[in-house]
Amino acid sequence: MKNQKGFSLIELLVVVIIIGIIAAIAIPSLLASRRAANEGSAIASVRSLGTAQATYQATTGNGSIYAPDNGSLVGLVDSTLSGASGATQGSKSGYIFVTTGASNQLCVEAHPNGTNGIRSFSMEEDYVIHGGPTAGACTAATGAVTHVTGTGAGPIG
């Protein structure tokens, strides 16, 4: 028994318990950081869609980057944010983006896909991004949007 090497069962259990406590403390913080990063990416993507709209109007004089007749975003937006058919939809960083519009109008929505975020975001032709727990719906015919409503909703700084 003098030359016995290794760890006792008690020592191993103590190490496992300590690792479990550290994981219980760290995992919620990591998930919150990931959610905040996804929301930041969604805000930047909505802003990118607004910038593309402003660029398009500055170069063409009118119209919307969303062209209902061809269902595209005229090549000014990354393909991950755009799609085809009716309201243009794209997906990025755990958010689903819906872009609609009519002449000289734009409506963008960003909704979390699953647990990737808590807030939704919306923007219309005034280029002010609004965020909150729920987002309004875009109307393809007019490009109008009912801005995000609910507790904590309002313009994003």
Side-chain angles (χ1 to χ4, degrees), residues 1-56 64-66 71-101 106-140 143-157:
M1 293 285 218
K2 293 190 241 178
N3 294 331
Q4 199 173 30
K5 296 181 181 181
F7 297 104
S8 70
L9 183 59
I10 302 284
E11 291 170 332
L12 290 174
L13 286 174
V14 167
V15 169
V16 168
I17 290 171
I18 290 172
I19 290 173
I21 290 171
I22 291 171
I25 293 170
I27 289 174
S29 297
L30 292 173
L31 292 176
S33 296
R34 180 178 173 208
R35 192 170 34 251
N38 287 341
E39 289 181 356
S41 176
I43 292 169
S45 296
V46 169
R47 187 171 287 122
S48 174
L49 289 166
T51 301
Q53 170 67 8
T55 301
Y56 183 75
S64 172
I65 60 170
Y66 174 75
S72 69
L73 290 174
V74 297
L76 291 173
V77 181
D78 184 17
S79 63
T80 58
L81 294 177
S82 64
S85 79
T88 302
Q89 294 191 354
S91 179
K92 182 180 176 185
S93 298
Y95 271 77
I96 297 172
F97 297 88
V98 180
T99 306
T100 57
L106 176 72
C107 179
V108 179
E109 294 177 50
H111 301 285
N113 186 8
T115 60
N116 295 311
I118 295 174
R119 299 185 300 168
S120 292
F121 305 98
S122 67
M123 177 182 67
E124 62 180 347
E125 61 272 357
D126 62 358
Y127 303 107
V128 176
I129 301 172
H130 293 261
T134 58
C138 293
T139 305
V145 64
T146 304
H147 280 302
V148 174
T149 58
T151 307
I156 303 296

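- Between atom CG of residue N113 and atom OG of residue S93 there is a gap of 11.5 Å, rounded to the nearest 0.5 Å.
- With hydrogens and angles ignored, the 3.5 Å screen pairs no side-chain donor or acceptor of S41 with any backbone N or O of A37.
- Listed here is the closest heavy atom pair of A23 and P28: O-CD, 4.3 Å.
- Heavy atoms only, all atoms of each residue included: F97 and V46 are closest at CE2-CG2, 4.0 Å.
- Atoms OG and CD, on S120 and E39 in that order, are 9.0 Å from each other to the nearest 0.5 Å.
- Around the CD1 atom of I10, the shell of radius 6.0 Å holds no more than 12 heavy atoms that belong to other residues, nucleotides or ligands.
- Formation of a donor-acceptor pair under 3.5 Å by the T51 side chain with backbone atoms of R47 is found in this model.
- Annotation: the span from S45 atom OG to N38 atom CG amounts to 10.5 Å, rounded to 0.5 Å.
- Between the CZ atom in F121 and the CD1 atom in I129 there is a gap of 8.5 Å [rounded to 0.5 Å].
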